[in-house]
Amino acid sequence: MTIEQTVLQTFRELPPDKQQEVLDFIQFIKYKLSTKKPFSLSEHQKSLRESKDITDFWSALQDFRQRVDLESIDDDTFENLRDKSPGRKVNL
């Protein structure tokens with residue numbers, strides 16, 4: 001029996017609410033796979049090599065200040081950073 005056949009057989013034995021959970025989980029996995037960006041170490045190798053020499057906070061701070069253009073940071077940079085939603089609903 002193939003994996004697909006086993007999954008279908010087991011799926012059919014579940015009650016409808018559990019079938020919905022399985023479907024939701026499958027859709028979640030598909031979404032994660034479609035939104036994952038391929039990671040390329042080559043983009044970060046130079047940065048990783050250079051950061052190995054940094055052993056203290058002051059050196060790390062100086063390195064950060066050299067890499068980041070602080071003049072480009074303005075009030076709008078962090079405008080939509082915080083999630084302003086009230087959170088999840090709780091029924092008491």
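Numbers here are sequence positions counted from 1.
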Taking atom CG of Asp24 and atom CD1 of Ile29, what is their separation to the nearest 0.5 Å?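 It comes to 11.5 Å.
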From Phe57 atom CZ to Gln62 atom CD, the distance as rounded to the nearest 0.5 Å: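 Between atom CZ of Phe57 and atom CD of Gln62 there are 9.5 Å.
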Any non-hydrogen side-chain atom of Gln27 less than 4.5 Å from a side-chain atom of Leu23?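 In short, these two side chains touch, coming nearer than 4.5 Å.
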Could you pull out every donor-acceptor pair under 3.5 Å between side chains of residues 3-11 and any protein atom, sequence neighbours left out?
from  : atom 1 : to   : atom 2 : distance (Å)
Gln5  : OE1    : Thr2 : N      : 3.0
Gln5  : OE1    : Thr2 : OG1    : 3.4
Thr6  : OG1    : Thr2 : O      : 2.9
Thr10 : OG1    : Thr6 : O      : 2.8

Which pairs count as salt bridge (charged side-chain N to carboxylate O under 4.0 Å, His left out) when at least one residue sits in residues 8-21, sequence neighbours excluded?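 For residues 8-21, and leaving out neighbouring residues, the salt bridge (charged side-chain N to carboxylate O under 4.0 Å, His left out) pairs sorted by first residue read Lys18-Glu21.
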